[in-house]
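As structure tokens, the structure follows; a few thoughts come after it.
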Amino acid sequence: MLILLYMKKEKKILLSGIKPTGILHIGNYFGALQQWVKMQDEYESYVFIANYHAMTTMQDAEKLHNQTLEIALDYLAIGLDPDKVNFFLQSDVPEVMELAWIFNCITTMPYLMRAHAYKDAIAKNTDVNVGLFDYPILMAADILIQDTDVVPVGADQKQHVEYARDTAEKFNHIFKKEIFTLPQSIILQETAIIPGIDGRKMSKSYNNTIPLFGSDEIIRKAVMSIPTDSKAVDEPKDIKQCTVFALHKLFADEDLPKITEKYKKGGMGYKESKEILIKNMISFIKPMRDKREELAKNSNYILETFRHGGRIARARAIKKMQIIRTHTGIIRTLD
Ligand code: TRP
């Protein structure tokens, strides 16, 4: 009985984060962030801002600083609760860089060359810096240093979590001990791909996003700009082809069966469909937007919340690094 009670108390570790390189959009929310909110009760949660990862593409001090604060606000505004979640900055845990070095030494270049993000960058003819090339390894260090069990992320991050898992296995094998937990990604299948206003996957790089905290005006403009076919009001419409409908699925709730029926039978034009979507989107976004505005008035609270979480995350990392140093022969004993 006692053992059962003890086991029940032990929560699995959840860790996730995003890099502060742009404002959050609806695709980020439904693809990943929403899960963190849902899972925060059940898991011991660590949610951080990957500011060192951001440096691979953003080298502007003021921008990095400002956008870090913006993401901090976003995390709290979407409903992550500081009483349940440990928030921190990646840079609060410098041990991660140390671990990344160790991982670099057991990782081959051809293996990293298979990363989608690296291949995309090469395909676009961008000059790839070493940081970008090594991105998956730094991410593996973020995940593995905290003994993470689950990593809820958007579909685009799936491969990165596989890198972390492979790296854990490789390390455990080389050093002949189960030092690292094998992490698992959690990806929401039904919403893995959220369409942007041009119908392609919503993504910063396509410039087709709808901001998560957008004003009513921005939301209206974005929805109105979604291209639709030329079917008349009475005609049946294809729910599989229509971007507006794909977005209804995220925001319509109890209206969805009614909207679906009108699409299938005809009787609703795209203009009306868009008006309904705008109304539903605004009523979803407005409370979060209001909360964010309130939070923004108290930046001290935000900073203190992150400082506190940072101390907790770092303490764990320091402990883990001692074990890792010992088992790699960098130091001989645990003290
Ligand atoms: N790569 C993630 C992004 O693009 C950020 C990130 C860095 C991350 N380290 C992580 C996510 C560890 C989950 C777990 O935003």
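If you're wondering where the values come from, they're calculated on a predicted model, not measured in any experiment. Just so you know, ligand 1 is whichever comes first in the structure, and atom 1 is the first atom listed for that ligand.
- An N or O contact shorter than 3.5 Å is missing between His160 and ligand 1 by distance.
- If you check the side chains of Thr56 and Lys19, you find no donor sitting under 3.5 Å from an acceptor.
- Among all heavy-atom pairs drawn from Tyr163 and Tyr111, the shortest one is OH-O, 2.6 Å.
- Using a 4.0 Å cut-off between charged nitrogen and carboxylate oxygen, Lys297 and Glu293 do not count as a salt-bridge pair.
- For ligand 1 and Val151, the ligand atoms under 4.0 Å from any heavy atom of the residue are 13 (C), 14 (C).
- A salt bridge (Lys or Arg N to Asp or Glu O under 4.0 Å) with Asp74 is found for one member of Arg289, Arg292, Lys291 and no other, namely Arg292.
- The protein non-hydrogen atom at the shortest distance from atom 9 (N) of ligand 1 is Asp142 OD2, 2.7 Å.
- Using a 4.0 Å cut-off to heavy atoms of Ser16, the atoms of ligand 1 that qualify are 13 (C).
- For Asp156, no heavy-atom contact with ligand 1 is shorter than 4.0 Å.
- Aromatic ring pairs are classed by plane angle as parallel below 30°, tilted from 30° to 60° and perpendicular above 60°; the pair Phe306 and Tyr75 is parallel.
- At a 4.0 Å heavy-atom cut-off, ligand 1 touches His53 through the side chain alone.
- When only interatomic distances are considered, the shortest N/O to N/O separation between Tyr135 and ligand 1 falls below 3.5 Å.
- Within ligand 1, counting atoms from 1 as listed, the ones closer than 4.0 Å to a heavy atom of Phe48 are 7 (C), 9 (N), 10 (C), 12 (C).
- With a 4.0 Å cut-off on non-hydrogen atoms, Val161 does not touch ligand 1 at all.
- Listed by atom number, the atoms of ligand 1 under 4.0 Å from Ala50 heavy atoms are 7 (C).
- Per-residue contacts place Leu15 under 4.0 angstrom from the following atoms of ligand 1 (heavy atoms of the residue considered): 12 (C), 14 (C).
- A donor-acceptor pair under 3.5 Å is absent between the side-chain atoms of Asn280 and the main chain of Leu277, judged by distance alone.
- Under 4.0 angstrom from ligand 1, there are no non-hydrogen atoms of Gln90.
- Atoms of ligand 1 found under 4.0 Å from any heavy atom of Ile18 (numbered from 1 in listed order, with element): 5 (C), 15 (O).
- Note: Phe251 and Phe284 have perpendicular aromatic rings, judged against thresholds of 30 and 60 degrees for the angle between ring planes.
- Nearest to atom 5 (C) of ligand 1 among the protein's heavy atoms is Gly17 O, 3.6 Å.
- Electrostatic pairing of Arg114 and Glu162 does not count as a salt bridge here, judged by no charged N lying under 4.0 Å from a carboxylate O.
- Looking only at distances, a side-chain donor or acceptor of Thr148 sits under 3.5 Å from a matching main-chain atom of Ile143.
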